[in-house]
Amino acid sequence: MLELNGIKKSFGPVQVLHGVDLTVRGGEVHALLGENGAGKSTLMKIVSGILQPSEGTIRVDGQERTFADYDAAIEAGIGIVFQEFSLIPYLNAVDNMFLAREKRTRLGLLNRRAMRERARMILGRLGVTIPLDVPVARLSVAEQQFVEIAKALSLEARILVLDEPTATLTPDEVEHLFTVMRELRRQGVAIVFISHHLEEIFEICDRITVLRDGSFVATCAVADTDTDRLVEMMVGRRIENSFPPKPAHIPAEIVLDCEEVQLRKNGPVSSFQLRKGEILGFAGLVGSGRTETALAMLGAFPAARCRVRVDGQEMRFREPADGLAHGIGLLPESRKEQGLITSFSILQNISLNNYGKYRRNHWFIDLKAERAATADAMRNVRVKAQGPDARIDTLSGGNQQKVVIARWLNHQTKVLIFDEPTRGIDVGAKAEIYALMRQYTAQGHSIIMISSELPEVIGMSDRVCVFKGGGIVATVEGGHINSEDIMTHATTGRTQNVA
Amino acid sequence: QDGLKIGMSFQEMNNPYFVSMQEALNEAAESIGAEVVVTDAAHDVAKQISDIEDMLQQGIDILLINPTDSAGVESAVTMAKAQDVVVVAVDAQANGPVDTFVGSKNRDAGYMSCKYLADELDGKGEVAILDGIPVVPILERVEGCKAAFAEYEGITLVDTQNGRQDRSVALGVVENMIQSHADLAGIFSVNDGGAMGALAAIQGSGRDIKLTSVDGAPEAVKAIADGGPFIETTAQFPRDQVRVGLAMALAQTWGARVVPKAVPIDVRVVDAENAADFAW
Amino acid sequence: MSHDATVERRFDARRLLHSPLALPLIGLIVVSVLMGFASDNFFSVSNIFNVLRQVSIVAILAVGMTFVILTGGIDLSVGAVMALAGTIAAGLMVNFGMPGWVGLLAGLGVGVVLGVFNGFLVAWGRMPAIIVTLATMGIARGLGLIYSGGYPISGIPSWISWFGVGRIGIVPVPVIAMVIVYALAWVLLQRTAFGRHVYAIGGNELAAKLSGVKTQRVKLAVYAISGVTAAIAALILTGRLMSGQPNAGVGFELDAIAAVVLGGTAIAGGRGLILGTLIGAILLGILNNGLNLMGINPYMQDVIKGLIILLAIYIGREWR
Amino acid sequence: MSHDATVERRFDARRLLHSPLALPLIGLIVVSVLMGFASDNFFSVSNIFNVLRQVSIVAILAVGMTFVILTGGIDLSVGAVMALAGTIAAGLMVNFGMPGWVGLLAGLGVGVVLGVFNGFLVAWGRMPAIIVTLATMGIARGLGLIYSGGYPISGIPSWISWFGVGRIGIVPVPVIAMVIVYALAWVLLQRTAFGRHVYAIGGNELAAKLSGVKTQRVKLAVYAISGVTAAIAALILTGRLMSGQPNAGVGFELDAIAAVVLGGTAIAGGRGLILGTLIGAILLGILNNGLNLMGINPYMQDVIKGLIILLAIYIGREWR
Ligand SMILES: Nc1ncnc2c1ncn2[C@@H]1O[C@H](COP(=O)(O)OP(=O)(O)OP(=O)(O)O)[C@@H](O)[C@H]1O
Ligand SMILES: Nc1ncnc2c1ncn2[C@@H]1O[C@H](COP(=O)(O)OP(=O)(O)OP(=O)(O)O)[C@@H](O)[C@H]1O
Ligand SMILES: [Mg+2]
Ligand SMILES: [Mg+2]
């Protein structure tokens with residue numbers, strides 16, 4: 001149905017695709033795999049007309065096509081869910097789904113009822129209920145992701161591209177999505193699916209194409225391969241057990257004591273303690289309040305109540321800067337909106353909150369020291385880029401995430417809150433980041449890791465706080481850190497109500 | 001003489017009053033074969049100083065200055081004199097070593113207009129003043145006007161508002177004035193620009209309010225000739241101010257040593273009787 | 001049962017309070033009541049129409065401004081474009097003896113041309129709106145003054161004054177014009193795809209473009225609309241002043257922007273309601289009128305107006 | 001070998017061309033050369049210092065404006081704050097017989113207070129900068145007029161004129177002041193953490209805040225800096241005018257914005273260089289001076305200036 005031949009793409013002097021071939025048949029789910037920066041998103045942007053290839057041909061149904069823009073691709077039956085959100089924050093879900101293809105009445109006015117009904121139907125198919133009257137900015141990240149998917153589905157595309165749609169979804173929601181994908185496959189739709197979760201690949205995909213550094217490596221059937229072989233194709237080497245061993249003993253010293261957090265009036269009250277050198281996992285379903293709890297501690301979310309002790313001292317942070325001053329840093333969950341300064345270079349992004357380290361004569365930045373330190377930090381997390389001066393928006397999604405991680409690892413704060421740290425990170429890099437996290441705690445620092453990836457929570461956490469409905473319902477440790485226990489708490493746990 | 005160069009710096013040029021000055025200047029200069037440079041300060045003193053500095057760079061021999069503000073232009077006047085340029089202030093006085101000042105008798109103008117208004121109202125009734133940008137000539141007109149009103153026991157000044165000498169601003173301000181004073185019988189506007197706005201407001205309200213003003217602008221004169229609420233404007237003579245000013249300056253370049261320090265130019269009442277024959 | 005009802009009632013009141021129109025409306029009511037106390041004339045029918053008539057010009061300019069600001073742009077040229085449109089219209093009638101309607105059409109044409117000029121440079125030229133329209137402001141003012149030689153152009157056909165001072169029943173014509181313009185703008189923004197696209201561009205231009213919105217065309221259109229509303233305002237102004245005034249409307253762009261923002265529209269674009277703009281414009285008009293009626297020193301009026309605007313926006317910030 | 005060398009050379013030229021300063025500089029050179037052809041006087045030393053002296057006031061205002069715009073804000077009050085600072089300074093000297101330096105300090109105080117007022121409302125009040133500073137503009141103008149009763153205040157100690165018309169060697173004092181202010185601003189922006197934070201806030205305020213930048217303090221600081229530069233400009237203005245002028249500086253905010261944008265700073269914030277602003281201000285000054293020297297009709301000057309600004313920004317858009 002879709003056939004790409006010898007696609008090449010350069011941005012200025014940098015070539016990012018070196019002749020990629022890809023054939024997707026109707027009625028199959030085709031996985032596109034590769035490390036961060038391998039060129040997956042770029043290839044899909046070419047398919048959907050957002051970028052033009054430097055060389056190579058695109059065939060749809062055997063006919064050679066060139067797409068001047070996304071509209072032209074849509075005409076040809078192609079729909080895409082972008083890796084970066086493309087929703088309009090202040091419009092509601094319906095308006096977003098039908099943006100630029102509104103249904104009209106005979107008078108040329110908006111047919112709002114028809115659009116609403118159709119939106120409800122599509123969202124129903126995805127098995128989610130989303131409020132249709134509020135601006136999408138008020139929806140959770142996962143809800144936004146579903147709106148995004150619904151938007152692509154509303155196109156009735158025959159070729160559907162999903163660029164990391166599951167990165168922000170919980171297992172349950174992923175299942176919903178897969179059900180819909182299977183249904184579409186049955187109807188003969190060709191689906192290109194990008195994900196860094198290999199287990200998902202094996203669950204839903206029929207065939208796989210692997211890219212490495214912008215070059216085509218291989219296409220094969222899922223049945224003919226296994227995880228190790230895939231990883232080797234992607235990374236060019238084997239990756240051993242991705243989670244580093246957990247330390248046998250965590251000292252009892254408490255660095256952060258969150259005595260009382262109540263997100264909303266009449267909501268549940270939770271408390272937890274973070275020990276020196278431990279990784280404390282925050283697990284829970286989407287919207288269970290993990291992010292908000294973290295933000296509330298730093299004064300970035302207006303919680304009804306919040307009492308925090310740092311090293312035994314009562315603190316009241318009004319903004320993240322106060323938290324930083326006391327050694328608490330936050331890596332936010334949405335790198336683009338909350339993490340990166342898009343107009344800055346990689347170097348400037350890494351040193352953003354850390355000029356204290358490169359000071360000369362008290363006031364001035366020591367540019368040389370800054371450069372040296374950031375270059376190190378970049379190497380540590382293996383950012384793939386032209387150099388420290390490259391503009392952030394020329395990096396692939398995963399590499400952008402690595403830059404934010406580099407910023408915080410470089411900062412060496414006593415406590416680091418990592419909100420979905422490996423979102424969009426490839427398997428190889430993930431292992432390295434896990435190793436870095438362990439290294440970090442081994443130095444006596446502590447980490448709170450908010451994650452929607454259960455294996456990650458289980459593999460990395462020394463203890464796990466399980467959230468539900470805005471508060472902690474259970475804290476598990478030791479042998480209880482397993483998926484059954486956590487999921488039970490996350491779905492059935494009872495929250496304490498405080499009058 | 002090898003190319004006499006005359007510079008004139010106006011405070012504003014989007015006003016027929018100053019436009020006609022410029023026309024008179026161009027005619028006069030042409031008749032003696034002199035070159036003219038004109039600048040428009042757009043009511044900005046700082047720009048006026050820059051304008052004059054630029055003209056001095058061009059080597060002007062005579063500077064006619066129509067100051068936005070008397071005090072503010074002093075440094076420019078000083079600089080001009082330092083380069084032996086003859087400086088004549090036109091329409092409003094300038095501080096510093098100005099050679100001659102040529103300007104209307106603004107206090108008389110305000111006095112005459114308001115006396116005319118009071119007489120037309122038979123010496124009784126509520127009146128209001130439509131004020132303008134606070135520069136000396138305008139302040140003098142208001143002062144003269146108040147002096148005239150004070151001579152009539154039956155006249156009460158009930159309101160003073162600022163129409164910024166702008167037709168559309170004045171229109172709104174006078175509409176509100178009319179709303180808030182049910183017995184308003186007369187309005188004095190400090191210039192014709194504001195008066196035209198006031199006239200529109202009065203006509204729109206359908207009330208019987210008499211209007212006088214200062215300037216003698218073509219539009220105002222026509223409105224007076226047509227009859228209606230606008231009954232009088234005390235005319236100034238912008239063209240003559242420039243002509244006299246230039247003459248004073250020329251006299252100095254020819255070597256005159258005792259030119260008058262100030263040449264006041266008369267103003268004249270223009271009303272329905274003589275409006276048809278009046279033009280700047 | 002009764003408990004539930006309370007919850008429901010409370011919920012509704014909150015909804016009402018959280019409507020983006022709530023705050024401008026409250027501001028309007030508060031200011032009106034204050035003015036009513038301070039001046040007996042304020043609540044007379046004749047004064048209310050007086051205020052609305054005075055408001056009409058800025059209110060109509062603010063319609064185009066709302067479209068532009070919703071896309072995240074700004075149009076500083078509206079006052080100058082209005083003046084130029086009025087001047088050219090009057091000039092054609094007076095100096096070239098053309099019939100009134102030709103002049104009016106020409107005025108409209110001036111608005112469209114300059115609006116398209118702005119829109120083209122912003123959309124296809126990818127230049128910042130603030131600087132494009134600032135330049136256009138200078139150009140339009142200059143052209144008006146060159147064309148008229150600095151003189152106001154009077155002597156236009158007397159029926160033109162109907163647009164400025166006429167009435168239908170007891171309602172002034174400018175007020176009717178204002179209502180019609182607002183109604184059209186409301187339909188465009190709330191009930192057409194074009195309107196959605198205007199909001200979408202202000203919310204996230206890149207995302208809108210990726211979704212297939214023809215962002216350049218839409219941007220061109222909003223500046224053209226701003227040009228058209230400037231020309232309509234020029235028509236009313238010409239009718240009110242019975243002349244073409246090359247200097248009219250200096251600073252009106254700032255009043256129009258103030259009206260839009262007071263009306264609750266986000267200056268960064270993407271959020272706002274056209275009815276808010278109407279309320280904002282009326283609020284400003286009432287301030288001007290009320291402070292005049294109270295006979296406050298005009299210099300003091302600037303200060304009070306500034307403080308009230310700050311207060312209104314400060315209280316309103318929660319709603320944005 | 002020779003092939004390689006070519007490639008390298010070409011690459012370097014591109015780098016140079018892609019510096020954000022390249023375009024403003026080219027614009028400056030082109031306009032200067034044109035003006036030089038059109039007017040003999042243009043390239044005389046005395047005229048160059050004349051231009052720089054004239055430029056100094058707007059150029060200094062534009063420094064504060066650059067800081068503010070880099071954070072994604074805008075300051076429309078600079079002209080009015082400058083006028084108020086000058087008026088108060090002159091008023092204290094003349095009406096209260098205070099020594100000159102007390103007056104000057106008071107003027108500086110006015111700038112700081114109004115700057116902090118703006119910054120406080122923008123940062124802690126979370127109000128849009130355009131509307132806050134618009135209101136402050138009205139308030140500052142009103143206060144200046146109330147304080148002075150509308151009259152300019154003259155009769156200040158004569159040594160104050162040194163700041164406006166004095167020279168050190170052959171270099172006018174305002175030019176020296178301008179150079180010092182720009183040097184300080186350059187250091188602040190390029191060599192301190194504060195400067196990086198200014199850029200970061202303009203690039204992505206939320207990200208900066210979550211990363212631990214004290215965004216509110218930084219924003220307060222940039223508006224305060226803008227107030228300070230307005231007060232410095234007021235000092236020079238007072239020296240030039242030898243009086244406090246409550247009406248001075250109307251529209252200077254627009255000239256300052258134009259200088260910033262012509263200098264290549266993105267109006268949305270996050271990107272730009274202070275030296276670009278200097279070049280932009282000089283470019284504007286040369287246009288004013290050159291068009292005056294050529295004896296162009298003042299109305300026409302507005303049109304030409306507008307067109308040249310558009311052209312400059314249009315060509316420059318690729319660089320942004
Ligand atoms: N506009 C651009 N200019 C220069 N280089 C770019 C640009 N866009 C992308 N690249 C580069 O192209 C390469 C491929 O990026 P792409 O986004 O396609 O990666 P990806 O495979 O989707 O990675 P990820 O898994 O992290 O999303 C990256 O090295 C990136 O730095
Ligand atoms: N800006 C907002 N306005 C209103 N509700 C919000 C907003 N942001 C989040 N919420 C809601 O608050 C709840 C908690 O969200 P939070 O982001 O803390 O959850 P989470 O457990 O971190 O999950 P996620 O994976 O979505 O980040 C969710 O129900 C979400 O819909
Ligand atoms: Mg990608
Ligand atoms: Mg979260």
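In what follows, every chain begins at residue 1, and chains take the letters A, B, ... in the order their sequences are listed.
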Participant: Looking at every non-hydrogen atom in both residues, tell me the closest pair between A100(A) and S211(C) and how far apart they are.
Facilitator: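 Looks like CB-O, 3.4 Å.
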
Participant: At a heavy-atom separation under 4.5 Å, does L109(A) approach chain C through its side chain, its backbone, both, or neither?
Facilitator: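 Both parts, backbone and side chain.
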
Participant: What residue in N111(A), I50(A), L87(A), D95(A) has the most heavy-atom pairs under 4.5 Å with chain C?
Facilitator: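 Winner by heavy-atom pair count: D95(A).
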
Participant: Measuring heavy-atom distances to chain C, does K151(A) have an atom under 4.5 Å in its side chain, in its backbone, in both, or in neither?
Facilitator: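 Answer is side chain: those atoms of K151(A) sit under 4.5 Å from chain C.
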
Participant: Assess whether a salt bridge exists between D71(A) and K214(C), defined as any Lys/Arg side-chain N lying under 4.0 Å from an Asp/Glu carboxylate O.
Facilitator: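 Judged by the 4.0 Å cut-off on N to carboxylate O distance, D71(A) and K214(C) do form a salt bridge.
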
Participant: Taking all non-hydrogen atoms of both residues, which atom of R104(A) and which atom of A193(C) are closest, and how far apart?
Facilitator: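 Reported closest heavy-atom pair: NH2-CB, 3.5 Å.
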
Participant: Might you point out which heavy atoms bring I88(A) and A200(C) nearest each other, and give the distance in Å?
Facilitator: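 Minimum heavy-atom contact is CD1-O, 3.5 Å.
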
Participant: In terms of heavy-atom proximity below 4.5 Å to chain C, should F82(A) be classed as side chain, backbone, both, or neither?
Facilitator: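 Contact with chain C involves the side chain of F82(A) alone.
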
Participant: For E75(A), is the CD atom crowded, meaning more than 12 foreign heavy atoms sit under 6.0 Å from it?
Facilitator: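 Count not over threshold, so no.
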
Participant: Is R112(A) atom CZ crowded by more than 12 heavy atoms from other residues, nucleotides or ligands, each under 6.0 Å away?
Facilitator: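 12 or below, so no.
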
Participant: Is there a side-chain contact between N204(C) and P89(A) in this structure, where contact means two heavy atoms from C-beta onward sitting under 4.5 Å apart?
Facilitator: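 They are in contact (side-chain heavy atoms under 4.5 Å apart), so the answer is yes.
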
Participant: Please look at E205(C) and chain A and tell me whether the side chain, the backbone, both or neither of the residue comes under 4.5 angstrom of a heavy atom of that chain.
Facilitator: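 The answer is neither part of E205(C).
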
Participant: What closest approach, in Å, do L99(A) and R196(C) show between heavy atoms, and which atom pair accounts for it?
Facilitator: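 Heavy-atom minimum between the residues: CD1-O, 4.4 Å.
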
